[in-house]
Amino acid sequence: MAGIKVYNTMTQQKEKFVPLRPGQVRVYVCGVTPYSSAHLGHARPNVIWDVIIKFLHSRGYQTLYVQNFTDVDDQIIERARDEGVEALEFSNRFIREYLEDMDALGVKRADVYPKVSDHIPEIIDLIRVLIEKGHAYSAQGDVFFHVNSFPGYGKLSKQKREELLAGTRFEVDPAKRDAADFALWKKAKEGEPAWDSPWGPGRPGWHIECSAMSYKYLGETFDFHGGGSDLIFPHHENEIAQSEAATGSPLARYWVHNGMINFKAEKMSKSIGNVISIGELVQRYPAELIRFYLLSTHYRSNLEYYQGKLEEMSRGWTRLVDTVKKLKDNLDQAPGQSSAGNGDKKILEKIEGMQQEIEEALADDFNTAMAIGVLFELVREINAYQHHGGKDPLVLKHAWELFKLYGIDILGIVNLADSQKTGLVGPLMELLLELREELRKEKNFPLADKIRERLGDLGVFVEDTPQGPRWKV
RNA sequence: GGCGGUAUAGCCAAGUGGUAAGGCAGAGCUCUGCAAAAGCUCCAUCCCCAGUUCGAAUCUGGGUGCCGCCUCCA
């Protein structure tokens with residue numbers, strides 16, 4: 001089986017993946033600051049890591065997956081105050097919604113979702129260590145990380161320290177020794193949530209929570225650190241500085257960053273306001289279609305979204321899903337005995353080859369786009385086989401197993417359930433189609449066509465196949 | 001201005017130095033009572049210039065365009 005290779009932002013190349021502990025993979029992915037509804041841009045890393053985790057499981061790895069919530073933050077405090085509610089109550093609402101959105105997308109939950117508000121002591125401990133080691137200093141109730149004390153600063157984003165200072169466009173806090181120094185602890189302001197600390201009441205700065213929480217749950221060094229490419233600087237750079245200055249060990253072995261989703265050639269972003277919420281999306285489209293869209297492009301590339309994009313995607317996606325559904329039906333009805341003719345052997349070999357291609361694609365920096373491409377080759381192959389009358393259960397079963405493993409279990413882009421066929425609808429449709437079949441036998445085509453047409457008006461598509469009529473909503 | 005990434009058919013998109021996966025759209029055909037579905041066939045020499053090489057979309061150098069980061073951001 002193909003070994004796994006991963007593109008590492010740190011080294012800017014694909015590397016062979018070797019976990020720190022044999023058979024076990026530890027993953028930290030930066031989550032969100034919960035002050036508004038999750039949007040499509042947030043869905044991307046979640047779906048990608050969902051696939052990576054499931055793929056690792058299929059390869060026999062155990063995983064420990066942590067994703068944080070930064071629930072102590074300026075925006076949260078501000079908006080909660082506008083609404084007149086407690087900051088934590090405010091953020092908890094969006095955390096719940098976030099988790100529900102990810103559930104709706106078929107994302108398996110992480111093992112731990114640590115929140116900043118639950119880890120203040122750990123954060124304080126870490127800051128204390130950094131001060132003791134001379135990497136941080138307190139100044140009138142604030143604590144800053146001293147960037148010049150950490151020689152590796154800039155190694156992830158490939159920035160030079162001097163140039164970072166030159167590019168500063170914001171007002172520099174006069175309490176800082178250097179403009180590039182960043183806050184580990186912020187002195188409390190009037191009316192803001194605050195915790196006691198050795199430096200007085202206050203709250204953590206933005207980056208320190210990830211260092212403290214990843215250390216707590218995953219240890220000094222773990223395997224994957226993920227997140228959007230917009231986090232490379234300053235967030236991940238600062239995490240590295242804090243963690244590595246404190247422990248002396250590398251923070252993560254592989255840095256994995258996903259590309260942005262653009263709306264009209266511009267990054268989808270809460271601050272720009274051009275977002276499309278996940279809640280809205282899952283109302284309108286099947287989760288599997290959304291995942292299909294997200295996974296059709298390699299995770300490191302940028303991805304476009306625009307009105308009608310999902311409709312466009314759905315045409316190809318429907319062909320995939322319909323093929324799998326029909327295949328499954330035919331397999332369930334197929335005779336138990338395999339005839340194993342010569343033609344059947346040939347296609348079995350082809351299917352075998354496709355499985356290898358998919359494995360290689362996923363192992364090669366999680367190339368889901370290529371894996372989907374191969375799945376479409378299988379679609380064509382198995383449709384052609386059945387088109388020409390092939391029905392060897394061995395062949396059907398093999399094809400089905402690939403669709404099941406990759407299409408359903410790992411990528412999550414295929415759904416078999418017809419939610420709208422539940423209740424009375426199913427039996428009623430069966431009755432109607434049975435009667436229509438009798439009309440067709442009697443060559444009463446005008447009436448049969450009328451039924452099909454009227455059902456079409458209702459959004460029910462009927463097609464006549466050699467195996468009898470099929471319908472879908 | 002600095003740093004990173006990217007540039008492949010009408011659109012989306014993969015691509016490991018050896019002569020361009022896949023999807024959508026389009027054209028023709030087969031099957032079908034019709035329709036649909038499905039199948040078959042057709043549809044690109046890879047931004048520009050120079051170089052390395054027997055051979056480059058793939059490597060090197062130089063351009064140009066686009067995106068991201070440098071301020072909160074998945």
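Chain naming here is simple, since letters A, B, ... match the order of the sequence lines and numbering starts at 1 in each. Small disclaimer: the values here were computed from a predicted structure and weren't measured.
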Under 3.5 Å between N/O atoms: give me all the protein pairs with nucleotides 15-20 of chain B, atom names plus distance.
residue: G15(B); atom: OP1; partner: N367(A); partner atom: ND2; Å: 2.8

Pairs meeting criterion salt bridge (charged side-chain N to carboxylate O under 4.0 Å, His left out) with involvement of residues 142-154 of chain A, two or more places apart
none
With a 4.5 Å cut-off on side-chain heavy atoms, are E360(A) and D364(A) touching?
no
Presence of donor-acceptor pair under 3.5 Å, side chain of R44(A) and base of A74(B):
no
Results of side chain to side chain contact (heavy atoms under 4.5 Å, CB included) for K267(A) - residues two or more places apart only:
D230(A), M260(A), N262(A), S269(A)
Under 4.0 angstrom, heavy atoms only, what part of the nucleic acid is G373(A) near: base, sugar-phosphate, or nothing?
base
Short heteroatom pairs, N/O only, protein and nucleotides 43-45 of chain B, under 3.5 Å:
none

Would you indicate what S269(A) reaches in the nucleic acid, counting non-hydrogen atoms under 4.0 angstrom: base, sugar-phosphate, or nothing?
base
Note, Y299(A) side chain near N367(A) side chain (heavy atom, < 4.5 Å):
no
Can you measure E304(A) atom CD to A13(B) atom P for me and round it to whole angstrom units?
8 Å
Could you state the atom-to-atom distance from CZ of R319(A) to C1' of A36(B) in whole Å?
15 Å
Expressed as a whole number of Å, how far does the C1' atom of C42(B) sit from that of A25(B)?
14 Å
Inspect the contact between D322(A) and K326(A) and indicate whether a charged nitrogen and a carboxylate oxygen are less than 4.0 angstrom apart.
no
Write down the distance separating the C1' atoms in A56(B) and G18(B), rounded off to the nearest Å.
9 Å
Base, sugar-phosphate alone, or nothing: which one does T323(A) contact when heavy atoms must sit under 4.0 Å apart?
nothing
Partner residues of K450(A) under the side-chain hydrogen bond (donor to acceptor under 3.5 Å, both in side chains) criterion, sequence neighbours left out
none
Nearest-angstrom distance, P atom, C34(B) to U19(B):
44 Å
By the salt bridge (charged side-chain N to carboxylate O under 4.0 Å, His left out) test, which pairs, at least two apart or in different chains, include something from residues 368-389 of chain A?
K350(A)-E381(A)
Quick one: side chains of residues 26-43 of chain A, donor-acceptor pairs under 3.5 Å with protein atoms, not counting sequence neighbours, listed by atom name and distance.
residue: R26(A); atom: NE; partner: Q24(A); partner atom: OE1; Å: 2.8
residue: R26(A); atom: NH1; partner: L218(A); partner atom: O; Å: 3.4
residue: R26(A); atom: NH2; partner: Q24(A); partner atom: OE1; Å: 3.1
residue: Y28(A); atom: OH; partner: N68(A); partner atom: OD1; Å: 3.3
residue: S37(A); atom: OG; partner: E97(A); partner atom: OE2; Å: 2.6
residue: H39(A); atom: ND1; partner: G41(A); partner atom: N; Å: 2.9
residue: H42(A); atom: ND1; partner: H39(A); partner atom: N; Å: 3.0

Under the rule for side chain to side chain contact (heavy atoms under 4.5 Å, CB included), what residues qualify as partners of E352(A), not counting sequence neighbours?
H398(A)
Reported CZ-to-NE2 distance for the pair F182(A) and H235(A), which is rounded to 0.5 angstrom:
10.5 Å
Please indicate yes or no: is the ring centre of F445(A) less than 5.5 Å from the centre of the six-membered base ring of G33(B), with the two planes inclined by under 30 degrees?
yes
Measuring only the P atom in each nucleotide, how far is C70(B) from C12(B)? A whole number of Å is fine.
27 Å
Would you indicate which nucleotide in A38(B), A74(B), G33(B) comes nearest to any side-chain atom of D449(A)?
G33(B)
With P as the reference atom in both, quote the distance from A13(B) to G68(B) in angstrom, rounded to an integer.
15 Å
Would you confirm whether the ring centroid of F69(A) sits within less than 6.0 angstrom of the ring centroid of H119(A)?
no
Those residues at least two apart in sequence (or on a different chain) that pass side chain to side chain contact (heavy atoms under 4.5 Å, CB included) with A188(A) are A194(A), P201(A)
Would you indicate what K309(A) reaches in the nucleic acid, counting non-hydrogen atoms under 4.0 angstrom: base, sugar-phosphate, or nothing?
sugar-phosphate
Set out, line by line, the N/O atom pairs under 3.5 Å between protein and nucleotides 25-29 of chain B.
none

Taking atom types as they are modelled, would you say the side chain of D74(A) forms a donor-acceptor pair with the base of C72(B) within the 3.5 Å cutoff?
no
For atom CG of D322(A) and atom C1' of G23(B), their distance in whole Å
15 Å
If I pick the C1' atom on A35(B) and the same atom on C43(B), what distance separates them, to the nearest angstrom?
27 Å
Contacts of M313(A) that satisfy side chain to side chain contact (heavy atoms under 4.5 Å, CB included) - sequence neighbours left out
L289(A), F292(A), Y293(A), S296(A), K309(A)
With nearest nucleotides of RNA chain B determined for G227(A) and M313(A) from heavy-atom distances, which residue corresponds to the more 5′ nucleotide?
M313(A)
Considering only the C1' atoms, how many Å lie between C49(B) and U64(B), rounded to the nearest integer?
11 Å
Dump the pairs, protein N or O against N or O of nucleotides 4-6 of chain B, anything under 3.5 Å, distances to one decimal.
residue: G4(B); atom: O3'; partner: Q12(A); partner atom: NE2; Å: 3.1
residue: G5(B); atom: OP1; partner: Q12(A); partner atom: NE2; Å: 3.4

With hydrogens left out and only the distance checked, is there a donor-acceptor pair under 3.5 Å joining R440(A)'s side chain and the base of G33(B)?
yes
What distance do I48(A) atom CD1 and N258(A) atom CG have between them, rounded to the nearest 0.5 Å?
4.5 Å
Work out how far the C1' atom of A9(B) is from that of A57(B), and round it to whole angstrom.
14 Å
